[in-house]
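Structure record follows, encoded as structure tokens.
Basis for what follows: all heavy atoms, side chains included, without hydrogens, waters or symmetry-related copies. Treat the numbers as computed from the prediction; the structure is a model and nothing was measured.
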Amino acid sequence: MKGSCHCGAVTLELTDKPEYLFDCNCSLCGKLGVIWGYFEPGEVMITGETQVYTRVDREQPVARIHFCESCGCTTHWTPMPHIAQGRMGANMRLFSAEELAGVPLHFPDGKGWSGDGAFTMRQESAVY
């Protein structure tokens, strides 16, 4: 699968579809307008230059948010150095809906998440 930001300066190529998608409602994801797919870093090839934003409303942010320096589209996130998990997120809105057909879509309650443990879901899962 191959997707890109609006201007095409940043592309993401995935080895496969994600197992599931997350439509998070936290203050950051909601404002970014993203739907995340999760991958091992070796499953995502990124080309092009990005800028990085680290949220300022958390004492211990867990992710660096990457975006195209030209058009501003959020492209992906990478974990902060203190995070041990080896996964990253790709903004699946950069890919065609047809390619994502059939992938489960979950709705985590990021607004209610403390930053520890698993998310609770704010509504029933759907299929993209």
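- Leu100 shares a hydrophobic cluster with Met1, Val10, Leu12, Leu14, Leu21, Ile35, Phe39, Val44, Ile46, Met88, Met92, Leu94, Phe95, Val103, Leu105, Phe107, Tyr128; the chain of contacts runs through ILVMFWY side chains whose heavy atoms sit under 4.5 Å apart.
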Step-by-step side-chain contact (heavy atoms from CB on, under 4.5 Å) determination, Asn25 to Arg122: CA-CA 9 Å; Asn25 70 341; Arg122 66 183 196 276; 3.3 Å; yes

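- Considering CG of Leu32 and SG of Cys24, their distance stands at 10.0 Å, rounded to 0.5 Å.
- In this structure the side chain of Arg64 reaches within 4.5 angstrom of the side chain of Pro81, judged on heavy atoms.
- Each of Trp77, Tyr38, Trp36 was compared with Phe22 under the ring pair (Phe, Tyr, Trp, His ring centres under 6.0 Å) criterion, and only Tyr38 meets it.
- Remark: the His106 side chain and the Ser125 side chain contain an N/O donor-acceptor pair separated by less than 3.5 Å.
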Derivation of the side-chain contact (heavy atoms from CB on, under 4.5 Å) call for Thr54 and Met80: CA-CA 9 Å; Thr54 303; Met80 295 294 287; 4.0 Å; yes

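- Under the 4.5 Å side-chain criterion, counting only non-hydrogen atoms from C-beta, Val52 is not in contact with Phe67.
- Thr47 and Thr11 share a donor-acceptor pair across their side chains, judged by distance under 3.5 Å alone.
- Criterion: ILVMFWY side-chain heavy atoms under 4.5 Å apart, direct or through other members. Under it, Val56 and Ile65 are part of a common hydrophobic cluster.
- In terms of heavy atoms, Thr75 sits closest to Cys5 at CG2-CB, 4.4 Å.
- Side-chain N/O atoms of Thr74 and His66 include no donor and acceptor closer than 3.5 Å.
- Counting only N and O atoms by type, the side chains of Arg55 and Ser27 include a donor and acceptor under 3.5 Å apart.
- Contact record, Cys71 with Cys7: SG-N, 3.6 Å, taken as the closest heavy-atom pair.
- Evaluation of the side-chain contact (heavy atoms from CB on, under 4.5 Å) rule for Met45 yields Glu13 as partners, not counting sequence neighbours.
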